[in-house]
Every structure is written in C-alpha cells, then in structure tokens.
2 protein chains.
Amino acid sequence: MLKLTKKADYGLMALKYLAEHPETPALSAKDVADAYGIPAQLLAKILQRLTKTGLLRSHAGMNGGYALARDARQISAYEVILAIDGPFFITSCTRGAKSCELTPSCTIKEPLARVNDTIAGVLKSISIHDLADREHGDAAAARDRQGLVTLTV
Amino acid sequence: MLKLTKKADYGLMALKYLAEHPETPALSAKDVADAYGIPAQLLAKILQRLTKTGLLRSHAGMNGGYALARDARQISAYEVILAIDGPFFITSCTRGAKSCELTPSCTIKEPLARVNDTIAGVLKSISIHDLADREHGDAAAARDRQGLVTLTV
DNA sequence: CTATATAGGACCGTTCAAGTCGTATATTTG
DNA sequence: CAAATATACGACTTGAACGGTCCTATATAG
Ligand code: SF4
Ligand code: SF4
C-alpha cells in the first residue's frame, strides 16, 4: 500500500545517474543497469517509456543510449512516476473506468482527493537535480516548495 | 503504485462514520458495512484490527459493536493506515527484512526516505475529525499543518 | 437458551508487480 | 557489406499481495 513501484524507483535512479554524467553524450541502458545492479532488460523498457513521454532522448546503434531531454532541474519526480506507472491516484475510485463500486455512497473520497493532490504536489516539487545533488538543503528551494505542499484537507 | 489499500479506505470510512454518531454507545460492523455497502465480514476484520491497536473499543453480544477509543481529533489517518496495512514505507528497501537487493548501491533511498516522512507527515496531520467535519477549511488548522508538511528533499 | 456480535483462522480467485525472452530495427565501425 | 551494439516492443511467466468469503469459537443481552 502506498508503495512506490520498483520500476519508478529504477527510473528515478537512472535519471539521476544521467544527470550526474552530463559530459557523456549518451549512456546505454546496460551502462546504467550495471552501475546499480538493475536488471538490464527491465531498465531498458523503463527508459524506452521515459523516452516516449519525452523525458529522455534516445539514440540507437553503437555508442548510442539515452540522455536527458531537459535540464535535470526541469524534470520532476512526479513526471517520472507518471510516465512509468501511469496516472497517479492514491484511491481506487479515481482509477478511470474500473472504479470502486461504492463511489456514490463514499464520503471520504473528496478529502482523500485533496490528500492525493498534496502528495502529488510534494512529488512535483522534487526535481531530478534535487536527487542528484547531495548538497541541496537549499533554504530557498525548501521555501518555494512549501507553498505547493500546503494542505487544507 | 502509491495506492491506498481498500481496507485502509474502509477503515477510514468506518471511523468517520463512528465519529459522526457519537450519541450511540456502539455500532456493529454490520451497521457500518450496510451504511456504505462494504462487505460486512471484511469490515469486521478491519475493525477488529483497529480494536487490537487501540483505536477502537469493542463490545461483544447483542447491541454490541465498536466505538472510538479516543476523540476523533486525536486519531490520525496515519494511525489508521498503520494499524490496517502495517508499517508505512513508499520504498521497498525499508521493508524490514525483505528489502531490495540493491540497497547498498542505491543512491536515492535517503531522499526518498525524506519524501516518505513528508507523506507520513501529511497523513499524521489529518484526523478522523477532519474527515468527518464537512465544514473544516479551518485556517488555523491548515496553518498548524503546514509546519509538519515542509519538505527539504 | 437464543439471537446477536466480536474474534480469528483458513482459504480462494484476481490482479499486478517484477522480470524474462524473443524478435525487429537502427547505427556505428571495420 | 557485415558484424557488433543498442534501442523498440510485444508476449509471456512467476510470485506476492489484495479483496473477499467461509467457518468456528466465544461473549453477552434479553
Ligand atoms: S469511492 Fe471511497 S471507498 Fe471507493 S476507492 Fe474512492 S475513496 Fe475508496
Ligand atoms: S534501495 Fe533504492 S532501489 Fe531499492 S527499494 Fe530502496 S530506494 Fe528503491
């Protein structure tokens, strides 16, 4: 419950790794997979997905691989999770068609939707750069974030 | 991914329902289940769990049922989720023994742990009373919450 | 004693995450 | 061109977790 998918997890790691190696024009899925011990084939598909959603740019063939499509500061954890795991909902009801049967009678879905938005806001406020940069703690960034993260239930 | 368990969902609904009926000494699992269309047996076990963790008090026999063990304001959504679904972790690594194989090489677990704490903070800041009271929007409560919810990555 | 209720274990079907395999295609290099 | 490397993508398998049911034991009010 409320657990991040390993795929999303791997995706974040990979993007972080790419962000940390801006000098290299492209890193292959295998490179990244080996660096962390992630199953190569699995990571490949994750990166393909991130490519399709425009977060990465790919290049096939020898010395090919992936590179960030944007600055690491402009890619949020939310986007990554969204790209890999699909729409982000903490409840089952908002799950499009296959929703919860008792959506009409349910009285907590609106408050939970706000919680959902709050958590999404938290994830949106975190960039790949934030993950990559060990020395962050940046007070200004923290202050910026705070606005997004306010919750009113 | 990052989806709330229906059991936790049901638990929150039930507690909210109990909070809305403070006059009655106890409501049976069936009462609550019927009110929302939740499978009665399932809800029963959820309530039993909440009782074991001390959030509810139960009374067997006729006219028995469950009642909040504390004031609705003193019960957080976090406690409910914790009681029903067990320890709250968004990553697989912190999952006690059965952790992720690549915990040592992973470089994003610390930042994700902070995200975890932030989300936990959000859930801790929400009480059953907040869910039950339609007219909340209470500016003071929102301000109180804001402190808990600050994120520094 | 009987109806109602909690308490709790065993069980089952479905879903979904995680990972593998196989194949097609693009690109660089010799 | 041919071989090596790498992306692209779909099919498939496995295992665990979730959601739910059933069955039995126990407590208690009337
Ligand atoms: S409708 Fe209510 S019970 Fe059903 S998934 Fe949404 S919040 Fe949970
Ligand atoms: S160690 Fe890293 S990859 Fe493994 S679960 Fe924790 S955060 Fe995810």
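Side-chain atoms are counted along with the backbone in the values below, which use heavy atoms only and exclude waters and symmetry mates. Just so we're clear, the structure is a prediction, and the values are computed from it rather than from any experiment.
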| Is there a donor and acceptor pair, one atom on the side chain of B/Gln41 and one on the base of D/dC23, closer than 3.5 Å? | yes

| field | Side-chain-base donor-acceptor pair under 3.5 Å for B/Lys45 and D/dT21 | value | yes

| task | Could you say whether A/His59 or B/Thr51 is positioned toward the 5' end of DNA chain C, judged by the nucleotide with the nearest heavy atom to each? | result | B/Thr51

Below 4.0 Å: OP1/OP2 of [N] and any side-chain N or O of [X]:
X: B/Ser58; N: C/dA5; answer: no
X: A/Ser28; N: D/dT5; answer: no
X: A/Tyr10; N: C/dG19; answer: yes
X: A/Asn63; N: C/dT29; answer: yes

| field | Pair A/Lys16, B/Thr107: side-chain N/O donor-acceptor within cut-off below 3.5 Å | value | yes

Rounded to the nearest Å, what distance is computed from the [atom1] atom of residue [X] to the [atom2] atom of nucleotide [N]?
X: B/Lys3; N: C/dC16; atom1: NZ; atom2: P; answer: 6 Å
X: A/Lys30; N: D/dT7; atom1: NZ; atom2: P; answer: 11 Å
X: A/Met1; N: D/dA16; atom1: CE; atom2: C1'; answer: 16 Å
X: B/Leu42; N: D/dC18; atom1: CG; atom2: C1'; answer: 10 Å
X: A/Arg49; N: C/dA18; atom1: CZ; atom2: P; answer: 13 Å
X: A/Ile84; N: C/dC16; atom1: CD1; atom2: P; answer: 18 Å
X: A/Ile46; N: C/dG19; atom1: CD1; atom2: P; answer: 9 Å
X: A/Arg57; N: C/dA26; atom1: CZ; atom2: C1'; answer: 18 Å

| message | Is any side-chain heavy atom of B/Tyr17 closer than 4.5 Å to one of B/Met13? | response | no

| query | Hey, mind stepping through A/Thr91 and A/Lys109 against side chain to side chain contact (heavy atoms under 4.5 Å, CB included) and telling me if it holds? | reply | CA-CA 8 Å; A/Thr91 51; A/Lys109 59 179 182 293; 5.9 Å; no

Nearest to the side chain of [X], heavy atoms from C-beta on, is which of [options]?
X: B/Gln48; options: C/dG8, D/dC18, C/dT27; result: C/dG8
X: A/Lys6; options: D/dG19, C/dG19, D/dT21; result: C/dG19
X: B/Ala60; options: C/dG19, D/dG20, D/dA27; result: D/dA27

| query | So does B/Arg70 have more than 12 non-hydrogen atoms from other groups sitting under 6.0 Å from CZ? | reply | yes

| remark: Taken to the nearest 0.5 Å, the spacing of B/Glu20 CD from B/Ile128 CD1 works out to 10.5 Å

| request: Tell me what B/Ala29 touches on the nucleic acid: a base, only sugar-phosphate, or nothing, going by heavy atoms under 4.0 Å. | output: sugar-phosphate

